[in-house]
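Heads up, the thing below is written out as structure tokens.
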Number of protein chains: 2
Amino acid sequence: MDAMNDTPRDERAIREYAEGFASNLVAAGMARMPARVFAALLVTDGGSLTAAELAETLQASPAAISGAVRYLTQVDMIRRDREPGSRRDVFRLYDDIWDSLLRRRDAILRMWAANLREGAAIVGAGSPAGKRMSDSAEYFEFVHRELPGVLDAWARHKEDRAKKGLDAAQ
Amino acid sequence: MDAMNDTPRDERAIREYAEGFASNLVAAGMARMPARVFAALLVTDGGSLTAAELAETLQASPAAISGAVRYLTQVDMIRRDREPGSRRDVFRLYDDIWDSLLRRRDAILRMWAANLREGAAIVGAGSPAGKRMSDSAEYFEFVHRELPGVLDAWARHKEDRAKKGLDAAQ
DNA sequence: GCCAACTTTCACAAAATTGTGAATCAAGCG
DNA sequence: CGCTTGATTCACAATTTTGTGAAAGTTGGC
């Protein structure tokens with residue numbers, strides 16, 4: 001239970017990792033700059049970064065940062081905060097990033113379901129395509145219903161983990 | 001329980017819907033042509049389309065189709081079949097599209113988890129960023145474990161639905 | 001109310017993506 | 001075997017996307 005805090009950050013390696021992480025996000029469909037911003041926030045010890053700091057670490061213009069954070073804010077992947085008595089925004093990941101992300105994405109599932117129902121009506125409810133599409137809709141509705149349960153299970157799981165072994169090396 | 005089969009397909013409306021559906025996929029991060037191909041297959045009564053038919057309905061070149069189906073095949077969103085005694089490929093969605101898609105995506109979850117663990121090591125396991133990243137990894141591992149249960153529940157749910165009310169006009 | 005510190009917007013240039021046509025390749029069938 | 005149908009690859013052109021610099025907007029604080 002020692003020798004874990006004070007290892008100095010290898011900024012070079014970290015930056016490289018972050019860029020790779022961003023590339024994975026890009027491969028998953030995200031635009032590049034938002035992906036880089038997200039990755040930068042992920043690997044930051046302070047937990048938050050200002051627009052200027054993002055521009056500095058990513059070697060990008062304020063304009064590019066502005067666009068990226070606007071997008072990330074819209075899709076609820078980051079929070080924009082402003083400390084009272086300052087006029088610079090600071091950006092941070094949500095606590096329990098992925099969990100809160102999924103929770104917010106909930107609406108998207110419903111959207112797809114509704115969209116597919118609409119499509120089923122258009123192709124004809126009784127047709128093979130209609131059948132396929134309402135099955136699809138039902139699938140989305142199903143996972144929409146199941147999701148909260150899984151997320152709650154995660155919350156419990158996390159709590160358990162926190163109780164035993166507060167140190168949690170490895 | 002009548003008047004549902006023989007409504008003629010309004011091809012114009014269907015095509016329009018399919019293009020809209022494709023646009024949604026694009027918004028979700030998919031490249032345009034694969035999205036259009038997927039949508040076209042989704043709304044097809046026959047359940048399958050040849051490359052030539054895809055080119056025709058989408059007004060796209062064989063080359064574009066070839067690229068799109070290669071991609072879709074790779075990410076396991078469609079199947080490519082060839083009937084014996086023919087040399088043209090026919091493409092179709094999997095049965096229970098989204099379910100099989102999720103099952104195949106399973107590996108991706110593990111990939112992200114592993115990637116995040118690696119990152120946690122790089123930034124330092126004891127650091128705030130390291131904590132954030134191994135928490136993230138754990139989250140992915142968790143849903144990776146939970147997923148099969150949910151998918152099985154879906155299978156049961158679907159079976160139930162099939163048993164009662166085979167017609168399902170609701 | 002004005003100044004300064006930040007952020008956003010806009011027009012544009014650079015760069016990456018996409019789809020095309022033409023050529024090449026593969027394979028069933030006579 | 002060669003012919004014919006169909007799929008794939010390649011170089012290229014067109015479109016779209018991205019990021020930049022500069023100008024304009026906001027908003028705290030004096």
Side-chain angles (χ1 to χ4, degrees), chain A residues 15 18-41 46 48-75 77-92, chain B residues 15 18-41 46 48-75 77-92:
Chain A
R15 191 93 293 282
E19 290 299 338
F21 192 90
S23 291
N24 285 337
L25 289 175
V26 170
M30 195 179 309
R32 174 137 252 127
M33 195 57 91
R36 297 181 70 209
V37 167
F38 184 84
L41 288 170
S48 68
L49 251 24
T50 65
E53 290 167 333
L54 284 167
E56 166 65 20
T57 49
L58 300 180
Q59 294 294 327
S61 70
I65 302 298
S66 174
V69 297
R70 172 152 45 101
Y71 171 79
L72 288 169
T73 307
Q74 246 157 16
V75 299
M77 292 188 68
I78 67 173
R79 269 173 64 76
R80 152 188 265 134
D81 290 326
R82 181 168 295 190
E83 309 184 35
S86 163
R87 82 210 83 177
R88 66 186 186 289
D89 292 337
V90 6
F91 302 97
R92 47 163 38 86
Chain B
R15 190 94 293 284
E19 290 298 338
F21 192 90
S23 291
N24 285 338
L25 289 175
V26 169
M30 197 180 307
R32 176 138 250 127
M33 196 56 91
R36 298 181 69 208
V37 168
F38 184 85
L41 288 169
S48 67
L49 250 25
T50 64
E53 289 167 334
L54 284 167
E56 166 64 21
T57 49
L58 301 179
Q59 294 293 328
S61 71
I65 302 297
S66 175
V69 297
R70 173 152 43 99
Y71 171 79
L72 288 169
T73 307
Q74 246 156 15
V75 301
M77 291 186 69
I78 68 173
R79 269 174 64 74
R80 154 189 263 134
D81 290 325
R82 181 168 294 191
E83 309 183 34
S86 164
R87 79 212 88 176
R88 66 188 186 290
D89 292 338
V90 7
F91 302 97
R92 47 164 37 87

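These figures come from a predicted structure and were not determined experimentally. Convention: sequence-line order gives letters A, B, ...; per-chain numbering from 1.
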Quiz item: When the distance from CG of A:L54 to C1' of C:dC6 is rounded to whole Å, what number comes out?
Solution: 14 Å
Exercise. Measure across A:L54 and A:A40 and return the closest heavy-atom pair with its distance rounded to 0.1 Å.
Key: CD2-CB, 4.0 Å
Quiz prompt | Closest to the B:D89 side chain, choosing from D:dA7, C:dT9, C:dT8 | solution = D:dA7
Please tabulate the protein-to-nucleotide N/O contacts below 3.5 Å involving nucleotides 18-26 of chain C, giving atom names and distances.
unit_1 : atom_1 : unit_2 : atom_2 : d
C:dT20 : OP2    : B:S61  : N      : 2.8
C:dT20 : OP2    : B:S61  : OG     : 2.7

Quiz item: Can you find a side chain N or O atom of A:R88 that sits less than 4.0 Å from OP1 or OP2 on D:dG28?
Solution: no
Quiz prompt | Counterpart residues, salt bridge (Lys or Arg N to Asp or Glu O under 4.0 Å), relative to A:R87 (two or more places apart) | solution = none
Practice problem: Using whole Å, report how far CD of A:E53 lies from P of C:dC6. | Solution: 11 Å
Self-check item: Length of the CG-P vector between A:L58 and D:dG19, whole Å
Solution: 11 Å
Quiz prompt | Axis-to-axis angle between the two ends of the helix from C:dG1-D:dC30 to C:dG30-D:dC1 (five base pairs per end, rounded to 10 degrees) | solution = 30°
Quiz item: ring pair (Phe, Tyr, Trp, His ring centres under 6.0 Å) with B:F91: which residues, sequence neighbours excluded?
Solution: none
Self-check item: Spacing of B:L49 atom CG relative to D:dG6 atom P, expressed in whole Å
Solution: 15 Å
Exercise. Write out all pairs satisfying side-chain hydrogen bond (donor to acceptor under 3.5 Å, both in side chains) with one or both partners inside residues 59-71 of chain B, taking only residues at least two apart or from two chains.
Key: none
Quiz item: Nearest heavy-atom pair of B:R92 and B:V90: which atoms, and what distance?
Solution: NH1-CG2, 4.0 Å
Practice problem: Check the distance between C:dA5's C1' and A:E83's CD and give it to me in whole angstrom. | Solution: 15 Å
Quiz prompt | Sequence-distant partners of A:E19, salt bridge (Lys or Arg N to Asp or Glu O under 4.0 Å), two or more places apart | solution = A:R15, A:R36
Practice problem: Provide, to the nearest angstrom, the distance between the CZ atom belonging to B:R70 and the P atom belonging to C:dT17. | Solution: 15 Å
Quiz item: Who passes side-chain contact (heavy atoms from CB on, under 4.5 Å) against B:A68, sequence neighbours left out?
Solution: B:M33, B:P34, B:V37
Quiz prompt | Residues in side-chain contact (heavy atoms from CB on, under 4.5 Å) contact with A:S86, at least two apart in sequence or another chain | solution = A:R88
Quiz item: For B:G85, which contact category applies under a 4.0 Å heavy-atom criterion: base, sugar-phosphate, or nothing?
Solution: sugar-phosphate
Exercise. Identify, with sequence neighbours excluded, every residue that meets salt bridge (Lys or Arg N to Asp or Glu O under 4.0 Å) alongside A:R32.
Key: none
Exercise. Using only side-chain N and O atoms of A:R82, determine if any of them is under 4.0 Å from OP1 or OP2 of D:dT27.
Key: no
